[in-house]
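Structure first, commentary second.
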There are 2 protein chains.
Amino acid sequence: MAIGIQITLNERLFLRDPQRTELGKKIIKHSILLIDEIGFEAFTFKKLAKRMSSTEASVYRYFENKHMLLLYLVSWFWEWVAYLIDIHTMNISNPVHKLKIIISTLVFASKENPSIEYVNESVLHRIIIAEGSKAYHTKAVDDENQEGLFLNYKTLVNKVAQVVLDIQPEFPYPRALASNLFEMSNNHIYFAIHLPRLTDVHVQDDSYDEVEKMLEFFASKMLGIQTSK
Amino acid sequence: MAIGIQITLNERLFLRDPQRTELGKKIIKHSILLIDEIGFEAFTFKKLAKRMSSTEASVYRYFENKHMLLLYLVSWFWEWVAYLIDIHTMNISNPVHKLKIIISTLVFASKENPSIEYVNESVLHRIIIAEGSKAYHTKAVDDENQEGLFLNYKTLVNKVAQVVLDIQPEFPYPRALASNLFEMSNNHIYFAIHLPRLTDVHVQDDSYDEVEKMLEFFASKMLGIQTSK
DNA sequence: GCCCCATAATAGTATTACTATCTTGTGACT
DNA sequence: AGTCACAAGATAGTAATACTATTATGGGGC
């Protein structure tokens with residue numbers, strides 16, 4: 001099942017392509033686990049190297065710094081979600097149905113059958129939820145954007161915006177609706193777990209059903225479509 | 001005009017109340033300016049002290065670390081927005097009208113007549129937009145939440161959620177709608193400036209009219225109310 | 001005139017965020 | 001079989017960060 005999936009990322013995200021070597025894959029694998037455990041602020045290349053039984057200097061040969069590594073993980077995640085959306089909506093022509101599938105793909109990204117052994121998609125999803133926004137809340141955002149480091153996310157948002165326009169060609173804020181669905185999904189999962197008074201949904205274990213229902217509700221209200229049973 | 005405004009904040013946010021001393025006020029004032037200039041990651045107490053012609057050790061007597069200082073600034077900002085909303089909606093009984101005022105207060109928070117000399121509200125608004133979400137995206141979020149460090153924001157969100165319920169008592173997601181309005185406001189101002197493909201609105205200089213219009217559109221769609229001219 | 005206490009001045013530590021250099025081991029090519 | 005290339009390991013070193021501790025100074029109140 002892992003065959004055929006290729007996640008292609010901007011080459012400027014890394015110094016040496018981590019997908020091409022064993023050490024590279026180990027860096028991806030363990031950085032996901034370690035960031036999830038101790039948080040991005042406390043995460044350092046030294047700790048990562050120790051955990052992997054490698055050295056700091058070796059990690060630095062793959063990524064310029066931990067910010068670039070985060071950017072890499074975030075890009076990887078969105079590229080993966082885009083891939084999932086593509087295969088799930090491939091044969092769907094009804095855009096309303098398509099949007100519904102997009103929402104559930106997004107919310108349940110972590111539950112998909114893992115496709116690549118060195119990436120724990122479920123843990124990566126948690127990282128995106130907790131740390132994802134730090135990838136673009138930086139002083140370097142404009143330079144990095146110019147280098148195309150956010151292309152994956154922007155492409156995905158625009159893909160969804162196109163579906164919105166297919167549903168309602170005159171809708172005035174297709175991209176804002178699309179990006180808001182993505183941001184809301186992450187935010188409200190996070191709120192439900194850590195700041196429950198900021199939301200109305202609940203999550204238990206890793207069941208995000210209520211989040212999905214809420215996003216469907218919001219989307220259908222925005223686009224004036226019937227909520228299907 | 002500065003008379004009578006008192007911003008009261010959780011005492012656990014600081015070690016010594018910065019509002020009570022000259023040095024404290026200088027810390028608030030210059031930290032706002034410096035974080036805006038160099039970004040939160042590059043910001044250090046040493047640089048702040050140098051800028052203020054004080055010492056690192058003195059700053060540490062007021063705030064445990066830079067994260068607590070950010071939390072303080074964020075709380076200050078939301079408390080201030082809550083205050084503005086209160087005075088602007090004081091005599092309004094129609095909840096639809098109230099919500100509209102809330103949206104414009106939120107979007108134009110930075111344009112309000114400055115009330116406290118040591119806080120540049122316009123610059124502070126920029127910080128909230130660019131760095132605000134880092135205040136709660138931390139491993140310590142649960143502990144800090146338990147200590148009440150996010151109360152200001154949660155209270156504000158719930159105040160707006162109550163207005164939503166006044167408009168539509170059966171609305172299933174009042175808090176999510178409220179928090180989403182706040183998050184969207186900040187996000188889309190940021191997107192418009194740095195990642196324009198993630199939104200449909202534009203901002204020029206500090207004119208956020210399009211953001212206001214969009215939030216009104218979203219809110220009225222969600223609540224099924226007429227968009228007023 | 002003395003006490004209190006905030007601030008300044010200074011120093012010191014562990015960790016972070018790197019950069020540099022040198023060695024070793026493997027695989028590929030001749 | 002020999003050497004070449006090159007990735008990774010080992011080691012060291014530097015400047016900055018994130019603090020903590022100690023002592024000195026100076027002004028306001030009693």
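Below, all heavy atoms of this structure are taken into account, side chains as well, without hydrogens, waters or symmetry copies. Keep in mind it's a predicted model, so treat the numbers as computed, not measured. Throughout, a chain's letter reflects where its sequence line sits, starting with A, and its residues are numbered from 1.
Contact annotation: B/T55 side-chain N/O to C/dT7 OP1/OP2 distance is not under 4.0 Å. Between A/S58 and D/dG9, a side-chain N or O to OP1/OP2 separation shorter than 4.0 Å is present. Contact annotation: B/K46 side-chain N/O to D/dC19 OP1/OP2 distance is not under 4.0 Å.
Shown for residues 9-22 of chain A: residues whose heavy atoms fall under 4.0 angstrom of DNA chain D, namely A/R16, A/T21.
Figure legend: cation-pi geometry between B/K66 and B/F40, with NZ or CZ positioned under 6.0 Å from the six-membered ring centre and within 45° of its axis.
The ring of A/F77 has its center closer than 6.0 angstrom to the ring center of A/H125.
Straight-line distance from the CG atom of A/L69 to the P atom of C/dT16: 16 Å, rounded to whole Å. If you measure from atom CE of B/M68 to atom P of D/dC19, you get 11 Å, rounded to the nearest angstrom. Rounded to whole angstrom, the span from the CG atom of A/N65 across to the C1' atom of C/dA17 amounts to 9 Å. Atom C1' of nucleotide C/dA6 and atom NZ of B/K25 are separated by 15 Å, given to the nearest angstrom. The distance from atom CD of A/E41 to atom C1' of D/dT17 is 14 Å, rounded to the nearest whole Å. Atom CZ in A/F40 sits roughly 13 Å away from atom C1' in C/dT16 (whole-Å rounding). For the pair B/I27 CD1 and C/dA6 P, the computed distance is 13 Å after rounding to whole Å.
Checked against D/dT17, D/dA10, C/dA17, the side chain of B/K47 finds its nearest nucleotide in D/dT17. Here the nucleotide nearest the side chain of A/R61, chosen from D/dT17, D/dG9, C/dA9, is D/dG9. For B/S54, the listed nucleotide lying nearest its side chain is C/dA8; candidates were D/dC19, D/dT11, C/dA8. Side-chain proximity of B/Y60 to D/dA21, C/dA17, D/dA18: nearest is D/dA18. For A/K66, counting side-chain heavy atoms from C-beta on, the closest listed nucleotide (D/dC19, D/dA18, C/dA17) is C/dA17.
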Original post:
Do B/T199 and B/Y190 pass the side chain to side chain donor-acceptor pair (under 3.5 Å) test, and can you show the C-alpha distance, the side-chain angles, and the key distance before you say yes or no?
Top reply: CA-CA 10 Å; B/T199 191; B/Y190 191 84; over 6 Å; no
Original post:
Could you walk me through whether B/S207 and B/D205 pass the side chain to side chain donor-acceptor pair (under 3.5 Å) check?
Top reply: CA-CA 6 Å; B/S207 158; B/D205 304 308; over 6 Å; no
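Contact annotation: the side chain of B/K154 never approaches that of B/S179 to less than 4.5 Å [non-hydrogen atoms, C-beta and beyond]. The side-chain heavy atoms of A/E41 and B/K139, taken from C-beta on, include no pair separated by under 4.5 Å.
Residue contacts shown for A/K26 are absent, as no nucleic acid heavy atom lies under 4.0 Å away. If you check every strand for non-hydrogen atoms under 4.0 Å, B/F45 touches nothing. Heavy atoms of B/Y62 sit under 4.0 angstrom from primed sugar atoms or phosphate atoms, though from no base atom.
Inspection of the B/Q19 and B/Y118 side chains reveals an N or O donor paired with an N or O acceptor under 3.5 Å.
Below 30°, between 30° and 60°, or above 60°: for B/F14 and B/Y72 the angle between ring planes is above 60°, a perpendicular geometry.
Positionally, the nearest nucleotide of DNA chain C for B/G24 lies more toward the 5' end than for the other of B/E56 and B/G24.
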